[in-house]
Amino acid sequence: MSNLRLINETTTTAGVRLINITDVFTDDFQIYKIVGANMLGNNSTSSGNNLRFINSSGTVISSGYSYAQQVVKAETSFSVNQGTEVRLFNFFNSVDDGGQSASNVGYIFNPTNSNSYTFAMWESVGRPSGNLRMYKGIGVYPQLASITGFQVELNESASEFAGGGKIQTYGLRVDT
């Protein structure tokens, strides 16, 4: 039996900038893997393709995330971003209208355990504006809450998905 169980597969819809994926985190697993592929945008400038958590009441959590990420950009020097924000930046990389896709692999830890913080780590790669970019990040939502889903969010208000991308959520079984 595989250690990964596919829980949800969502296809991005053209013309939207927010995608809510609800009721995917349960007490069945403590670790979840999120894979995004072929994430394309319809915007003229690069927009962060980010993650926000959704709590058990169905509310998108839009404050209080702490994160740090290493940014590797082909067109400039490497950098590190960190801080407290309203999202986990570039979890799915960035998108624009250049026809270049973005992809990622990320992990969420302890989302439904209301006695523990919810942690995340991710690597994403893409070519917004034709330039190769890679993000490697870690993050935490430092509140005791039951997280049952997540939102894929483009942070530029004029941004939207082109459609056809896939977001897969897996539960990761840990054998003892």
Side-chain angles (χ1 to χ4, degrees), residues 4-26 29 32-65 67 69-76 81 85-108 111 118 120-137 139 141 147-172:
L4 287 177
R5 182 188 309 161
L6 179 63
I7 296 169
N8 179 278
E9 182 173 281
T10 299
T11 302
T12 60
T13 304
V16 301
R17 74 177 205 55
L18 302 171
I19 300 169
N20 290 346
I21 300 174
T22 59
D23 302 319
V24 290
F25 303 145
T26 66
F29 301 96
Y32 291 84
K33 180 178 182 178
I34 300 172
V35 178
N38 200 32
M39 310 281 275
L40 299 169
N42 276 336
N43 37 304
S44 59
T45 61
S46 180
S47 176
N49 193 351
N50 314 301
L51 181 132
R52 291 178 167 171
F53 293 127
I54 299 174
N55 67 22
S56 58
S57 300
T59 302
V60 176
I61 299 170
S62 58
S63 66
Y65 299 92
Y67 81 102
Q69 66 183 353
Q70 181 180 23
V71 184
V72 180
K73 296 180 179 180
E75 76 277 13
T76 188
N81 299 329
E85 275 292 341
V86 299
R87 60 186 60 90
L88 294 175
F89 271 113
N90 301 307
F91 188 92
F92 298 94
N93 209 277
S94 329
V95 297
D96 67 9
D97 68 346
Q100 306 294 330
S101 66
S103 301
N104 82 301
V105 174
Y107 294 89
I108 307 298
T118 301
M121 65 182 205
W122 65 93
E123 291 184 4
S124 60
V125 66
R127 292 185 60 89
S129 304
N131 295 306
L132 182 64
R133 288 194 186 151
M134 185 191 83
Y135 296 90
K136 186 172 188 172
Y141 179 64
I147 306 299
T148 56
F150 61 95
Q151 179 182 75
V152 181
E153 176 241 13
L154 298 176
N155 58 285
E156 297 292 331
S157 61
S159 300
E160 58 186 40
F161 287 104
K166 298 262 188 234
I167 304 158
Q168 296 173 317
T169 306
Y170 296 88
L172 177 61

Chemist: Quick one: pull up CG in Leu51 and CZ in Arg87 and give me the separation to the nearest 0.5 Å.
Modeler: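 Going from CG on Leu51 over to CZ on Arg87, the span is 11.0 Å.
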
Chemist: Should Tyr170 and Gln168 be marked as a side-chain hydrogen bond (donor to acceptor under 3.5 Å, both in side chains) after you check the CA-CA gap, both sets of side-chain angles, and the distance that decides it?
Modeler: CA-CA 7 Å; Tyr170 296 88; Gln168 296 173 317; 3.1 Å; yes

Chemist: Do Asn90 and Asn50 touch side chain to side chain, with heavy atoms closer than 4.5 Å?
Modeler: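 Asn90 vs Asn50: side chains touch.
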
Chemist: Taking side-chain hydrogen bond (donor to acceptor under 3.5 Å, both in side chains) as the test, write out the residues that go with Asn81, two or more places apart.
Modeler: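 Asn81 satisfies side-chain hydrogen bond (donor to acceptor under 3.5 Å, both in side chains) with no residue once adjacent residues are dropped.
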
Chemist: So, does Asn93 use its side chain to make a donor-acceptor pair with the main chain of Arg133 at under 3.5 Å?
Modeler: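 Yes, the answer is positive, given that a donor and an acceptor are paired below the 3.5 Å cut-off.
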
Chemist: Tell me, please, which residues at least two apart from Val72 pass side-chain contact (heavy atoms from CB on, under 4.5 Å).
Modeler: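 Val72: side-chain contact (heavy atoms from CB on, under 4.5 Å) contacts with Gln70, Phe78, Met134.
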
Chemist: Please enumerate all residues that pass side-chain hydrogen bond (donor to acceptor under 3.5 Å, both in side chains) together with Asn38, with sequence neighbours excluded.
Modeler: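 Expected list: none.
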
Chemist: Rounded to the nearest 0.5 Å, how far does CD1 of Ile21 lie from CG of Asn8?
Modeler: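 Result: 5.5 Å between the selected atoms.
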
Chemist: Can you name the nearest heavy-atom pair linking Ile167 to Val152, along with the distance?
Modeler: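 Here Ile167 and Val152 meet closest at CD1-CG2, 3.6 Å.
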
Chemist: So do Phe25 and Thr169 actually touch side chain to side chain, heavy atoms under 4.5 Å?
Modeler: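 Contact flag for Thr169/Phe25 side chains = yes.
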
Chemist: Applying side-chain hydrogen bond (donor to acceptor under 3.5 Å, both in side chains), can you list everything that pairs with Thr22, at least two apart in sequence or on another chain?
Modeler: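 Not a single residue meets the side-chain hydrogen bond (donor to acceptor under 3.5 Å, both in side chains) criterion with Thr22.
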
Chemist: Residues in side-chain hydrogen bond (donor to acceptor under 3.5 Å, both in side chains) with Thr13, at least two apart?
Modeler: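 In terms of side-chain hydrogen bond (donor to acceptor under 3.5 Å, both in side chains), with neighbours along the sequence ignored, Thr13 is linked to no residue.
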
Chemist: Any pair with a residue in residues 55-65 that passes side chain to side chain donor-acceptor pair (under 3.5 Å), sequence neighbours left out, goes on the list, sorted by first then second residue, please.
Modeler: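 Listed by first then second residue: nothing to list.
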
Chemist: What's the separation between atom CE in Met39 and atom OG1 in Thr12, rounded to the nearest 0.5 Å?
Modeler: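 Met39 CE to Thr12 OG1: 6.0 Å, rounded to 0.5 Å.
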
Chemist: How close do Phe89 and Trp122 get, heavy atom to heavy atom, and via which atoms?
Modeler: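 In this case the closest contact between Phe89 and Trp122 is O-CZ2, 3.5 Å.
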
Chemist: Could you give all pairs that pass the salt bridge (charged side-chain N to carboxylate O under 4.0 Å, His left out) test and reach residues 16-26, with sequence neighbours left out?
Modeler: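 Found none.
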
Chemist: In Å and rounded to the nearest 0.5 Å, what is the CD1 to CG distance from Ile7 to Leu172?
Modeler: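 Rounded to the nearest 0.5 Å, the CD1-CG separation comes out at 10.0 Å.
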
Chemist: Quick one: does Leu88's side chain get under 4.5 Å of Phe53's, heavy atoms only?
Modeler: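 Leu88 vs Phe53: side chains touch.
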
Chemist: Restricting to side-chain contact (heavy atoms from CB on, under 4.5 Å), what partner residues turn up for Asn104, sequence neighbours left out?
Modeler: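 Only Phe91, Phe92, Ser124 meet the side-chain contact (heavy atoms from CB on, under 4.5 Å) criterion with Asn104.
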
Chemist: Please enumerate all residues that pass ring-ring contact (aromatic ring centres under 6.0 Å, His included) together with Phe29, with sequence neighbours excluded.
Modeler: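 With sequence neighbours excluded, Phe29 shows a ring-ring contact (aromatic ring centres under 6.0 Å, His included) to Tyr32, given in chain and number order.
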
Chemist: Which pair of heavy atoms, one from Ala162 and one from Ala14, lies closest together, and at what distance?
Modeler: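 The pair with the smallest heavy-atom distance is O-CB, 3.1 Å.
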
Chemist: Mind checking salt bridge (Lys or Arg N to Asp or Glu O under 4.0 Å) for Arg52 and listing every partner two or more places apart, or none if nothing turns up?
Modeler: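 Scan of Arg52 (salt bridge (Lys or Arg N to Asp or Glu O under 4.0 Å), adjacent residues dropped) gives Glu153.
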
Chemist: Sequence neighbours left out, what passes side-chain contact (heavy atoms from CB on, under 4.5 Å) with Glu123? Give chain and number order.
Modeler: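 Here the qualifying residues are Lys136.
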
Chemist: Decide yes or no for Val24 and Phe150: does some side-chain heavy atom of the first lie under 4.5 Å from some side-chain heavy atom of the second?
Modeler: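 Yes - at least one pair of side-chain heavy atoms lies under 4.5 Å apart.
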
Chemist: So Glu160 and Val16, do their side chains get closer than 4.5 Å, heavy atoms only?
Modeler: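 No, too far: nothing below the 4.5 Å cut-off.
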
Chemist: Nearest 0.5 Å, what's the NZ-CD1 distance between Lys33 and Ile108?
Modeler: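 Rounded to the nearest 0.5 Å, the NZ-CD1 separation comes out at 13.0 Å.
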
